[in-house]
Amino acid sequence: MSFKNTYIGTIVYAVKSLATGMKVTLCEFFTRKVTEHYPENRKTLKISDRHRGVLVMPHDDEGNNKCIACGLCQMTCPNGTISITTKSVTDEETGKSKKVLVEYNYDLGACMFCQLCVNACPKGAIEFSNEFENAVFDRKKLVLKLNK
Amino acid sequence: MTDFNTIIEAIDSSLNSMMPHSAAVLVECILAAVCAIGAYLVFAIIMIYMERKVCAAFQCRVGPDRVGKWGILQVFSDVFKMLIKEIIDIKNSDRILYNLAPFLVVMSSLITFSCLPFARGLQVLDFNIGIFFIMAASSFGILGILLAGWSSNNKFSMIGAIRSGGQMISYELSMGLSILTLVVLSGSMQISELVEDQTRGWFIFRGHIPAVIAFIMYIISGNAETNRAPFDLPEAESELTAGFHTEYSGMGFGLFYVAEFMNMFIIAGIASTIFLGGWAPFYISGLDGFNEAMCWIPGIVWFLGKTFFVIWLLMWIRWTFPRLRIDQVLVLEWKYMVPIGLLNLLIMTICVVMGWTF
Amino acid sequence: MMEVTFVEIEEFRSTMIHLHRKGMDFLREMIGMDWNEEGLGAIYILENSDTHECTEIAVRTTDRENPELPSVSDLWMVAEFYEREVFDFYGIRFTGHHDLRRLFLRKDWVGHPLRKDYDTSEEINPIRMESEPVEEFSREYDIKDDKELAEKVEKLKILHYDQYTVNIGPQHPATHGVLHFHLSLEGEEVRKVDIHCGYIHRGIEKLCESRTYPQTLAFTDRLDYLSAHQNRHALCMCIENAMGLEVTERVQYIRTIMDELQRIDSHLLMYSCMAMDMGAITGFIYGFREREKILDIMEEVTGGRLIQNYNVIGGVQADITPGFAQKVKEYCNDQKKRIREYYDVFVNNVIFTNRAKGVGVLTRNDAISFGATGGTGRASGWACDVRKRHPYAMYGKVDFKEIIHTGGDSYDRLLVRLEEIMQSIHIIEQLIDNIPEGDFRTKTKPIIKLPEGRFTASVEGSRGEFGVFIESRGDKTPYRMKFRPTGLPLIAAAHKIMKGCKIADLITIGASLDYVIPDIDR
Amino acid sequence: MEMKKPVIKSIPYEEFKDNETLEALIAEINKERTNVVLGRLDDLINWGRSNSLWSLTFATSCCGIEFMSVGASRYDFARFGFEVTRNSPRQADLIMCAGTITHKMAPVLKRLYDQMAEPKYVVAVGGCAISGGPFKGSYHVLNGIDKIIPVDVYIPGCPPRPEAILYGMMQLQRKVKVEKFFGGKNKHQQKGYMPDEPIIVTNCPTEQTNGKDE
């Protein structure tokens, strides 16, 4: 029977393996800590810009956006997170009636961040920002109105 | 070495002058009780804070640091929250035993706490069979855990309690053996005499090999007595949700939580008393200047320094090892610790008889 | 395309016995089907574990009131759970199955959801707030001699009332999710295990039947979220093969590297959770410290830490960031040094070796009969790596060793995972430096329609073979989409190896099998 | 004595979201708050409770993994005092519902919530807990846990980043700091607390009617 299975052998092997374990934790006791102090490092925190935090509709300085109210994003969304209300406006020169966006509601609570809406948008009117601080107390506050 | 006896005699004489002897004794008892409980709670809070910080350090993270300067007030906020939590009474639990259990555990740890020699003369109970009394008092803490497990009408806590019964009773044996080895070396069981004897060299150095083996055995069985780390089967988080105190909420759980930490302090206190010389300063025979310098550090600093070093050792063990299975716990005790303990006792007696100790 | 041979009910049993004797000992997948007029049935995908050749057998019954098929649970042990699932979703009763109960849904659930004529309105199945009635008796169906189906209530009580029964229930720190073990104990010994799943059953397969193909991609990430990338790779590969869409070389490289990163991430989590379940919280924290580095790389490239959303039909969502190769190499070097630490702190620890060696032994034949692929199968000596059996993406051109251990106990299962981390790093290092140029995504039409027929694809997920089966009738949404669960065979195996162990061993076996519950319940 | 705005270290009050609900709570409490001593005691207890919220280990699916990495060393929510994740509902103050709640799991969640000791809170982590998320139309999924238990903080995301979970916990800390404990109405003391009607933005297209151009 090898030394390892004898009575003394098990004790020696046990003590050796326990000691190596404790050596590792002791070294860890004195190494630099890896914790990121979240609230303190808010200014310097760098989140990858591809991170999908919340859907936003960028507006240029005069406050109009690129959305043409085609409803493609509403259709491709798997669980009905986006709801667009439009109204038809007769254009003066051409006289044709054109759909204009009235309200662009986006339910952040139901979104699953699958980016199908952004891929489907022909005009690139909506995109994901990496703003992750969205916790709220009231469920209704999660329904955001994206167009100004 | 500052000697607290003079202060105590001064208080005693002033009290006797003011009131009849029986009233003075009563006031002294109340004073001693208040000091013991006060020290008990202060140490509990320091210990909880130290446990969280040391555990975080071992796990390369930071631990509580947002409440108060370095997270010092963290434990106070835990205490406040614990005081206010609702105490749920369980439907068909055995109400008397259910409510008695936490107090049994706290009482046993409070009695053993008051036997610890904080400094020369600063000791609440000092019998001539001190160590034997500590062993006896610390063993009825198991009753509290068994009652808690049985009476809270929850199958997990029942399993946890039975496990703790089996584990703590068997580890009393190896703890007793390791203490007995030291009593053989020192010749007396009175705690103050034990420490007095160590002023000319701590037992762990004078008893050389058998004392070191006894120290390691004592640390292992101390860990098992307080249900910590490799032996934390009674409240094994990942197996029995919260073990024997699953059904306790609010202050019931708070008492168990404090008692667990104070048991650890007591184990470390006893270890530093009988192995590392309690409040006796570091002594090397021959270097008188060095010994003189050592005496300037007050006894209580020595005692607390050694105790917190042993606590750090226990925490180091806790945060490194996985949990044992119940049959391995008992195999380790009966097949390894008891035979080695007896052998060690034999070696120590031979050394003492032949005079090979320093 | 997948060729399915239909068999009549009468000779179904005999063909199955014949095939089993011929060496088809691995029941890869069993897919319940509802072909409307042609009736209800099931498709069995069998494979020979040595020669890796597969056959597909299907059987159906036109009787919709009480459909009934012969059971094969005596030939392949995993069929016991697959048949319970098909009974739960389609109502097909399997005669000869000794314990036919609902696997996922509640006992008082009305109707069988995956049937095409199932009504999902709230009135039939409201949210029942009282807890589920516990089943006392197992139920077995048998054909009486006069051909009508009789429900013979087997007197085999599942859990005797007088035994000390404990629920290691849906909310428990060591069940890796919401799995419910109903145990009967004898002191510390576990006499009988009855596993209930379904607490996280979200009906993904029913949802997929009403979603377009790009929309179904998002569900694969949420099946087994620790092999999110491989699952999505499998679905994209299946749809691309069906459409005949060729993917550029660059995308193959990127997908293989990201698959291997996801595998390391999952194995690190397996090691950490096993350490936490056995009491070594520090081992858990060390594992998570390295895992955070991978999550940083994943987030940099794909935008998601755990759910990446990166594979799309035709390629990947966005090109890899410039610093990607540098970061991955840095991580690989650091991981090689750190893995030594895991062995010292936890794996070589005498307490762990005593608690894990010889605990929950799964023999090779049992592993094959249960279909327990992945690390669990390889720890029992069965070479079941899909990357070697049916190579896909870059795995044919990359040299790596398939880790095989023969012990079959919890100790070997952990060793297989840790050594596989090193193999994955070896694969990444071969690929990372020569990612070819090319566009990361080939353009596809907005509405994707698959041609008629049945398509399958399978991938080596982090904890087993993850298969995708699509039956399409040529329109936008799939007629039937089935995902092979990597965890269900592990639960079937656990059901057998956990009998007679101690409570602490039950937790060790559960941790070493490393199942992810949403992947079981779908 | 006025109750001040709740202060969280190193994040100014204005940068928090949804302050209106908090201000409504503060205004409501300030109406009945007359006694200075009780007010002071309230603040002390609220400080104690908000810095030591022990969460119950309750994770059903993917958000559970993010919950674990919040507890691990990189984000380390022990800094806030939530270190001890209790396994028994008796000793936990808060349920962090991380993951999907299905029909079979709903009674279990309700029972766990009822077993917790009284000052208890619920945080809905991730889209599944808020509204059923990716599985909103499924026959077996509960569309949002606010149908069965009152929810205090909603953390959107699928799964939310660990920092988002920490941000949600800080929001909960602010809500705990704004509570009246001694005498008078406390949100939790009204028995039969009815969760407000969950709004549905668009009824989820169960019979998939998208692709209207057909």
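Letters A, B, ... are given to chains in the order of the sequence lines, protein chains preceding strands, and every chain is numbered from 1. What you see below is based on every heavy atom in this structure, not just the backbone, and it leaves out hydrogens, waters and symmetry mates.
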Fill in the blank from the handout: The interface call for C:Leu185 against chain B, heavy-atom contacts under 4.5 Å, is side chain
Handout entry: Least distance between heavy atoms, C:Arg355 atom then B:Gln328 atom
Key = CG-OE1, 3.4 Å
Handout entry: Under 4.5 Å from a heavy atom of chain B, the part of C:Phe346 involved
Key = side chain
Practice task
Using a 4.5 Å cut-off on heavy atoms from C-beta on, say whether the side chain of B:Ile159 contacts that of C:Tyr164.
Solution key: yes
Fill in the blank from the handout: For C:Ile351 and B:Phe321 the tightest heavy-atom approach is CD1-CB, 3.8 Å
Handout entry: B:Trp70 atom CH2, over 12 foreign heavy atoms within 6.0 Å
Key = no
Exercise for the section: State, with a plain yes or no, whether a side-chain heavy atom of C:Arg289 is found less than 4.5 Å away from one of B:Arg61. Expected result: no
Exercise for the section: Show your reasoning for whether salt bridge (charged side-chain N to carboxylate O under 4.0 Å, His left out) applies to B:Arg325 and C:Glu188. Expected result: CA-CA 10 Å; B:Arg325 219 180 28 212; C:Glu188 283 271 339; over 6 Å; no
Problem - Atom NZ of C:Lys499: over 12 foreign heavy atoms under 6.0 Å - result: yes
Exercise for the section: Could you tell me which of C:Leu506, C:Thr508, C:Asp277, C:Val345 has the largest number of non-hydrogen atom pairs under 4.5 Å with chain B? Expected result: C:Asp277
Fill in the blank from the handout: On a heavy-atom basis, the closest approach of B:Thr320 and C:Asn349 is O-ND2, 4.4 Å
Exercise for the section: State whether the number of non-hydrogen atoms from other residues, nucleotides or ligands found under 6.0 Å of B:Phe308 atom CZ is greater than 12. Expected result: yes
Practice task
Pick one of side chain, backbone, both or neither for B:Gln59, based on which atoms fall under 4.5 Å of a heavy atom in chain C.
Solution key: both
Practice task
Could you tell me which portion of C:Ile507 (side chain, backbone, both or neither) has an atom closer than 4.5 angstrom to a non-hydrogen atom of chain B?
Solution key: side chain
Problem - Which portion of B:Asp232 sits near chain C, non-hydrogen atoms under 4.5 angstrom - result: neither
Handout entry: C:Ile285 CD1 to B:Phe58 CZ distance, which is reported to the nearest 0.5 Å
Key = 13.5 Å
Exercise for the section: Please flag which part of B:Arg318 lies under 4.5 Å from any non-hydrogen atom of chain C: side chain, backbone, both or neither. Expected result: neither
Exercise for the section: Look up atom CD1 in C:Ile503 and atom CZ in B:Arg163, then write down how far apart they are to the nearest 0.5 Å. Expected result: 5.5 Å
Fill in the blank from the handout: One should read off an interatomic distance between C:Asn354 CG and B:Leu324 CG, to the nearest 0.5 angstrom, of 8.5 Å
Exercise for the section: Check the surroundings of atom CZ in B:Phe140: do more than 12 heavy atoms from other residues, nucleotides or ligands lie under 6.0 Å from it? Expected result: yes
Problem - More than 12 heavy atoms of other groups within 6.0 Å of B:Leu342 CG - result: yes
